Amino acid sequence: MNENRKMPLKIDYRKELNNHQLEAVKYFDSPLLVLAGAGSGKTRVITYKIAYMIEKLGYYPHSILAVTFTNKASDEMAERINNLFGENLNLWIKTFHSSAAKILRIFGKDLGIDPNFTIIDQNDQKLLIKNILKEANIDTDKYPPERYVYLINRAKDRLLNVDEAFKEGLTNDRVFYDVYASYQKRLVKENLLDFADLIFRLVRGLKNNSGVLIELKNRFNYILVDEFQDTNYAQYELIKLLALPEGNISVVGDDDQSIYGFRGARVENVINFTKDFKACKIIKLEENYRSYQTILSASSHLINKNKGRLGKTLFTNKGEGYKITFHVAPTDYYEADFIASEIMKLMSAYGYGYSDFAIFFRTNAQSRIFESVFSNHRIPYTVVGGFKFYEREEIKDIISYIKLALNPSDEVSLMRIYNKPPRGIGEKSLNEIIKHTIASNGSLYRGVDDINIPVSRKKMVKHFIDMIKNIGEIAKTLSPPELLRYVYRVTGYLNWLEETGKNDKIQNLEELYNAVEEFSISSPDGTIQNFIEEISLDSGARNEDFEKGTVYLITLHNAKGLEFPVVFMAGMEDGLFPHFLAEEDNDIQEERRLCYVGMTRAMERLYLSAAETRKIYGRVIQHKTSRFIEELPENLILFTRGDYGYNGGLFSLDTSKYMKMGSFGSTNYRSGSNRDVKSNNNQNTLKDIDISEGDRVVHKNFGSGEVIEKLGEIITIKFDDGKRMKFMLKYTPLTKEKP
DNA sequence: CCAATAAGTGTTTTT
DNA sequence: CACTTATTGG
């Protein structure tokens, strides 16, 4: 069947795969569920299975649908297969969202969706909902837009429209159903689809139009799903629509690595799969090719605390390896400092390079301290998947101009750019424009003269609308890079940046131009719409984000699917990890899985670390050691502690740099909970005494002085010999001077 | 309408 | 701390 392929292949599957992997690759008798432990070669199974289908079974590449969760994963998979074949096959390896988008672009008409829809992200959702709430005079303090964004997305993940969500009792908040209703009405009218809509509207459309479904089923003869444990209800329904009743499907997943519950992922899908797909075959992959046994033992021990697991036991023949280090530092600054010096030590002792190291953390905000400490130590780093280029203000603005020109109903884009640069159109005019053009009859271009605004504003508004119209016209004739240049100029945006001296923004626009140019070279037929779609569905980490010769800073979520010789997991503190918002047992279990994911990324060495005090939102707070540390087998852990200038209750001098970073406030991170630092020495016997500015005090080691400043827990004492020092009240042996 | 400044505030993870 | 919103004066 593959007579068109030039080079006959000879892949030695038996040599490249172990017995279980080989069985999974060759199994086609019924639906297949591969339970693949961390590092057990699941990507390998999928890629070789696809290769096997094409090479041995004669499948056309385009008749295989492979779905992943991240663009990085799909890139990699496609690349590996193309490498095996030595040519660029026409493979459908895409994320759920981009597959859905592509199907909707092709079959939208038949499913009641204008195929020129615009995709909006979570930020845009929030803007739109804010606007809706404001119009309805709903107090955004009492009814926060973020909450509605979250609820709407969860409803759509479960395929629930407004009425169904109400019947299900998704929330007791009655306002939600009104918000959801008007939000969705606006999206439909303005031809906007949010991320969840891509799946939601596709699945609902397919259920109503069996013709399209049949066409899709004819096209896709086999389906593979990666990271199956992260599918939500709607995605699972989509898979069922496409793969039932035939059952030509393999899914690969690991219930222990389900970490996206907050966006609707359901581990239950793994169980349900064995029921919904009759005669489903289960193959477990338990041999780990990544880590030393110590790392596997420790992480297995941890994940064992979770309930309702399908249960796997990972093993390796790589040997025992090294103990895991757990380090406690006095502050987050010293934690980063410890990691920096450990990196340098390991490099000189064992010849590691910078890119052998990765630092994982629970929250994006934690990367800052590493960035600053690593800069000081001259350690090159990259923040992977952090602040995203395409989310920068100036990039979104320029893209919004183009989006609005292509879809003049797009109120979200309008909102973003109507006054950028300032052109005499204010909020009031904006609202009138939205009310009288977009929201009422569906296009910015209609009813310009009827807009209810003062005569003095009409000229400016008309000029603005004409400009957008003009961009829309000219977009048909210009190449994407040319169009971009045109927009920079005709909107006055570039001029505005130049006049106000925003040089880095100008540079970012240059970079955007380069990206569009590259896009035009690599896909000569690509339109600007294609480019925009690519970037709106591609916000995550890509391969090119992993700059060689640098240390990687990554959130735990973004670390899934990756591996590094040396891994540092920072911030192992209750309140941070597990995060304090994870309260219910289910949430804690997901945090535990996240910890498991993090640990199992390490190939050779694993470090865990915590800080006794940490600055969060400008305040110093204290945490207990993470419960996950206590859940590890003690005999596999090497406990270390950083002393620094920390003796005698002194918390100054050496940390002066840290202290300068901002003022200190209350230590009470969350009232009502006991969050005492684990540190046992140095407790001030008099910590509850009431010391205020101006008091005379006696320090056990330094003698008498006067308190000249008190900022929350931090006091500055001017001693009688003239020296000034800062202390943390809690750890300082102080008494009030007896009169 | 707009720019500059003051005040306030929320604390996760992302296709 | 970093970001958003409110206020002020031009």
Side-chain angles (χ1 to χ4, degrees), chain A residues 67-74 94-101 119-123 125-127 130 134 140-141 144-146 149-150 153 156-157 194-199 227 230-232 234-235 258-265 332 360-366 368-369 372 385-388 391 393 418-430 453-454 456-457 460-461 500 536-541 554-560 571 575-583 587 590-591 593-595 597-598 614-621 661-665 668-670:
Chain A
V67 207
T68 64
F69 268 84
T70 65
N71 291 292
K72 185 170 182 297
S74 53
K94 290 173 169 294
T95 65
F96 264 103
H97 295 273
S98 53
S99 303
I119 298 169
I120 65 169
D121 65 17
Q122 201 143 337
N123 240 318
Q125 285 184 286
K126 198 172 125 191
L127 278 175
K130 250 190 209 163
K134 223 192 289 171
T140 50
D141 289 331
E146 297 84 359
V149 171
Y150 179 80
N153 291 339
K156 289 180 179 176
D157 288 345
D194 58 35
F195 284 158
D197 263 343
L198 292 169
I199 316 289
E227 305 279 15
D230 284 330
T231 50
N232 61 37
Q235 289 162 337
S258 167
I259 57 173
Y260 284 107
F262 66 93
R263 65 175 200 216
D332 49 352
F360 298 164
F361 32 77
R362 177 70 234 271
T363 66
N364 283 301
Q366 282 167 266
R368 292 195 153 271
I369 189 100
S372 112
F387 356 92
K388 290 144 198 166
E391 279 175 9
E393 187 187 16
Y418 69 96
N419 68 335
K420 277 183 178 181
R423 52 171 67 88
I425 304 174
E427 206 185 325
K428 271 197 158 154
S429 301
L430 169 74
I453 45 173
S456 62
R457 301 283 142 213
M460 298 158 180
V461 172
T500 48
S536 33
L537 292 176
D538 179 19
S539 41
I554 321 178
T555 61
L556 283 156
H557 282 86
N558 273 324
K560 189 157 78 155
L576 230 204
F577 190 33
H579 198 272
F580 76 93
L581 288 174
E583 280 174 322
D587 303 331
E590 181 154 314
E591 298 277 307
R593 289 192 292 266
L594 191 56
C595 187
V597 166
R614 163 182 306 279
K615 278 185 33 148
I616 291 185
Y617 296 120
R619 302 159 168 249
V620 170
I621 52 105
M661 285 169 68
S663 60
F664 290 75
N668 221 353
Y669 186 28
R670 189 161 165 244

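So you know, we letter chains A, B, ... as the sequences are listed, proteins then strands, and number each from 1. What you see is a predicted model, and the numbers here were worked out from it, not measured in a lab.
One finds a side-chain N or O of A/Asn558 lying less than 4.0 angstrom from the OP1 or OP2 phosphate oxygen of B/dT14. Phosphate proximity of B/dC2 to A/Arg423: absent, as no side-chain N or O sits under 4.0 Å from OP1 or OP2.
A/Arg593 comes within 4.0 angstrom of no nucleic acid atom, judged by non-hydrogen atoms across all strands. Among the atoms of the strands shown, none is found under 4.0 Å from any heavy atom of A/Glu590. Looking at heavy-atom distances under 4.0 Å, A/Ile425 makes contact with sugar-phosphate atoms alone, never a base. In this structure, A/Lys130 reaches the sugar-phosphate backbone alone: every heavy-atom distance under 4.0 Å involves primed, P, OP1 or OP2 atoms, never a base. Across all strands, A/Asp121 comes closer than 4.0 Å to no nucleic acid atom at all (heavy-atom distances). Contact annotation for A/Phe69: backbone-only contact, meaning every heavy-atom pair under 4.0 Å involves sugar-phosphate atoms and none involves a base.
To the nearest whole angstrom, the two P atoms, one in C/dT4 and one in B/dT13, are 15 Å apart.
Listed candidates were C/dA2, B/dT12, B/dT14. Nearest to the side chain of A/Phe262 is B/dT14. For A/His97, taking side-chain heavy atoms from C-beta onward, the closest of the listed nucleotides B/dT15, B/dT12, B/dA3 is B/dT15. In the set B/dT12, B/dT14, C/dC1, the nucleotide with an atom closest to the side chain of A/Asn364 is B/dT14. You'll find that the side chain of A/Phe195 is closest to B/dT15, out of B/dC2, B/dT12, B/dT15. If you check C/dT5, B/dT12, B/dT14 against the side chain of A/Thr555, the one that comes closest is B/dT14.
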### Query
Can you check side-chain contact (heavy atoms from CB on, under 4.5 Å) on A/Val67 and A/Glu227, steps first, answer last?
CA-CA 9 Å; A/Val67 207; A/Glu227 305 279 15; over 6 Å; no

### Query
Would A/His557 and A/Ile259 count as a side-chain contact (heavy atoms from CB on, under 4.5 Å) if you check the C-alpha gap in whole Å, the side-chain angles of each, and the deciding distance to 0.1 Å?
CA-CA 7 Å; A/His557 282 86; A/Ile259 57 173; 3.7 Å; yes

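Rounded to whole Å, atom P of C/dC3 lies 16 Å from atom CD1 of A/Ile616. Between the P atom of B/dT15 and the CG atom of A/Asn153 lies a distance of 14 Å, rounded to the nearest Å. Between A/Asn232 atom CG and B/dT15 atom C1' the separation is 10 Å, expressed in whole Å. Rounded to whole Å, atom C1' of B/dC2 lies 11 Å from atom OH of A/Tyr418.
Where stacking is scored as ring centres under 5.5 Å apart with planes under 30°, A/His579 registers as stacked on the base of B/dT12. Aromatic stacking is not marked for A/Tyr260 over B/dT14, as the cut-offs of 5.5 Å for the centres and 30° for the planes do not both hold.
The nearest heavy atom of DNA chain B to A/Pro422 and to A/Tyr150 marks one nucleotide each, and the one closer to the 5' end goes with A/Pro422. In this structure, A/Leu430 and A/Gln122 both approach DNA chain B, and ranking their closest nucleotides by distance from the 5' end singles out A/Leu430.
For A/Arg423 (side chain) and A/Met460 (main-chain N/O), no donor-acceptor pair under 3.5 Å exists by modelled atom type.
In this structure, NE2 on A/His579 lies 6.5 Å from OG1 on A/Thr363, to the nearest 0.5 angstrom.
The pair A/Lys156-A/Asp197 meets the salt-bridge criterion, since a charged nitrogen lies less than 4.0 angstrom from a carboxylate oxygen.
Between A/Phe69 and A/His97, the distance separating the two ring centers is not shorter than 6.0 angstrom.
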